[in-house]
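A short write-up of the structure that comes next.
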Number of protein chains: 2
Amino acid sequence: MAKDEDRIEIDDNTGFVGDYLLYLLAAASDAASADFHAHVREQGLRVPEWRILACLSDEDGQMVTQLAQLALIEQSHLTKIVDQMAAKGLVKRRSDERDRRRVRVFLTAAGRALGARLVDQARAHEHAIIARLRPGEAALLKDALKHIHALYRAGSRVSAAPAAAPVELEARPT
Amino acid sequence: MAKDEDRIEIDDNTGFVGDYLLYLLAAASDAASADFHAHVREQGLRVPEWRILACLSDEDGQMVTQLAQLALIEQSHLTKIVDQMAAKGLVKRRSDERDRRRVRVFLTAAGRALGARLVDQARAHEHAIIARLRPGEAALLKDALKHIHALYRAGSRVSAAPAAAPVELEARPT
DNA sequence: TCAATTAATATGAATTCGCATATTTTTGCC
DNA sequence: GGCAAAAATATGCGAATTCATATTAATTGA
């Protein structure tokens with residue numbers, strides 16, 4: 001039987017984090033993704049690899065920097081993952097003809113097949129999620145998320161505290 | 001001047017990821033959080049440390065497992081971060097009187113002060129974000145995020161593909 | 001056209017992170 | 001009461017991730 005101090009605040013609305021937008025975004029993202037990410041790992045892929053497959057399925061032959069930004073992966077990390085995926089035979093590199101600094105990443109046949117399969121499964125999974133929401137809720141949510149994403153893509157600081165003056169560390173001494 | 005192949009798809013609506021809920025959640029979360037996370041790091045804290053401070057500011061003396069779940073950090077990792085924060089003098093451990101398996105984490109005076117300051121700044125930053133959204137959009141968004149979070153907190157699989165049959169890896173060989 | 005600057009990617013070292021599991025304490029059941 | 005099972009935390013280690021920087025290529029402008 002649960003002791004007093006065991007009871008978990010089911011929805012502690014009194015706190016800060018429980019209504020903090022950035023927390024809600026991170027928490028919802030984590031929670032909603034957990035299932036599918038587990039599925040991805042069961043297929044022998046890591047989450048970043050799945051993201052790369054998905055992004056390349058949308059548009060093959062992206063350059064490394066592009067792909068990293070789209071797949072939410074830091075550039076040097078992406079480079080290493082592409083190494084591994086190339087070793088697994090899922091992608092291959094080809095340097096851009098016109099600008100030989102650039103390296104474009106292409107799906108192999110196996111990568112394309114695996115990507116297509118996972119994208120299908122992701123679609124199905126998404127349907128299942130949306131089915132648990134209220135009618136129209138998903139559309140509203142997606143719109144708002146796209147809006148936020150668009151606002152903060154490039155940069156355009158929001159200034160939590162003047163970016164120049166990093167918020168004096170010890171506020172007024174008495 | 002930009003060459004043809006340079007133009008970046010401003011909003012590639014034709015693709016899968018650009019309208020995939022789990023992607024939008026992760027991308028919006030990343031994008032919206034980038035600024036404040038940078039601010040946190042300028043203060044000499046890592047993001048998980050900030051999350052811990054925020055969670056403890058809401059409710060001090062949480063047990064490790066509780067705190068890990070709330071702060072979106074894996075348990076063994078949280079343990080290590082608490083070690084470091086204790087070394088920095090931001091938190092201290094105290095084992096629970098009634099159940100000595102449990103370890104409760106408390107803010108020190110310094111930790112409480114730093115946490116309070118950052119929470120204030122986070123509130124200001126959140127206001128700045130919300131100000132850039134449409135009226136009422138933030139409320140709708142938060143509701144939807146809380147809804148999703150609530151649906152997927154404990155588990156309750158959504159089945160993307162039969163969890164038991166992990167989707168045969170090489171489909172029919174001709 | 002050449003040097004300086006900028007852009008794109010890769011590399012190496014240091015750190016963070018997560019899984020599996022050990023350890024300690026409590027609970028449930030006979 | 002005592003023993004198996006469960007719960008809470010910590011630990012070790014390997015892999016993932018990041019940061020700073022090296023490398024190579026293109027661009028600029030004098």
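Convention: sequence-line order gives letters A, B, ...; per-chain numbering from 1.
At whole-Å resolution of the value, CG in B:D96 and P in C:dT24 are 19 Å apart. We find that CD of A:E49 is positioned 14 Å from P of D:dA15, with the value rounded to whole Å. The nearest whole Å value for the distance from the NE2 atom in A:H37 to the P atom in C:dG18 is 13 Å. Between the C1' atom of D:dA16 and the CG atom of A:L78 lies a distance of 14 Å, rounded to the nearest Å. Atom CG of B:D30 and atom C1' of D:dT17 are 14 Å apart (whole Å). In this entry the distance linking NE2 of A:H77 with P of C:dT9 reads 17 Å, nearest Å. One atom, CD1 of B:I52, and another, C1' of C:dC17, lie 13 Å apart when rounded to the nearest Å. We find that CG of B:L72 is positioned 15 Å from C1' of C:dC17, with the value rounded to whole Å.
Along DNA chain C, the nucleotide nearest to B:Q75 and the one nearest to B:Q84 differ in position, and the one closer to the 5' end is contacted by B:Q84. Nearest-nucleotide mapping onto DNA chain C: of B:E97 and B:P48, the residue sitting toward the 5' end is B:P48. Residues A:R46 and A:S76 both approach DNA chain D. Their nearest nucleotides, taken by heavy-atom distance, put A:R46 toward the 5′ side.
In this structure, the nucleotide among D:dG12, D:dA26, D:dA16 sitting nearest to the side chain of B:K80 is D:dG12. Here the nucleotide nearest the side chain of B:R100, chosen from C:dT16, C:dG18, C:dT26, is C:dT26.
Under the 30°/60° scheme for interplanar angles, the aromatic rings of A:Y20 and B:F36 are found to stand perpendicular.
Checked options A:I52, A:L70, A:V105; the residue passing with A:Q62 is A:L70 (criterion: side chain to side chain contact (heavy atoms under 4.5 Å, CB included)).
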Protein-nucleotides 5-8 of chain C N/O pairs closer than 3.5 Å?
residue: C:dA7; atom: O4'; partner: A:R101; partner atom: NH1; Å: 3.3
residue: C:dA7; atom: N3; partner: A:R101; partner atom: NH1; Å: 3.4

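Residues meeting the side-chain hydrogen bond (donor to acceptor under 3.5 Å, both in side chains) test with A:R41, sequence neighbours left out: none. Listed by chain and number, the residues in a side-chain contact (heavy atoms from CB on, under 4.5 Å) with B:R94 are B:F106 (sequence neighbours excluded). Residues meeting the side-chain contact (heavy atoms from CB on, under 4.5 Å) test with B:R51, sequence neighbours left out: A:A26, B:H37, B:V47, B:A71, B:L72. Residues passing the side-chain contact (heavy atoms from CB on, under 4.5 Å) test with B:E74 are B:S76, B:H77, sequence neighbours excluded.
Counting only N and O atoms by type, the side chains of A:T65 and A:Q69 include no donor and acceptor under 3.5 Å apart. Under the 3.5 Å distance criterion, with hydrogens and angles disregarded, a donor-acceptor pair is assigned to the side chains of B:R46 and B:Q84.
Contact check for A:D58 versus A:V119: no side-chain heavy atoms found under the 4.5 Å cut-off.
In the helix from C:dT1-D:dA30 to C:dC30-D:dG1, the end axes, each obtained as the rotation axis mapping the C1' atoms of four pairs onto the next four within a five-pair block, lie 30° apart to the nearest 10 degrees.
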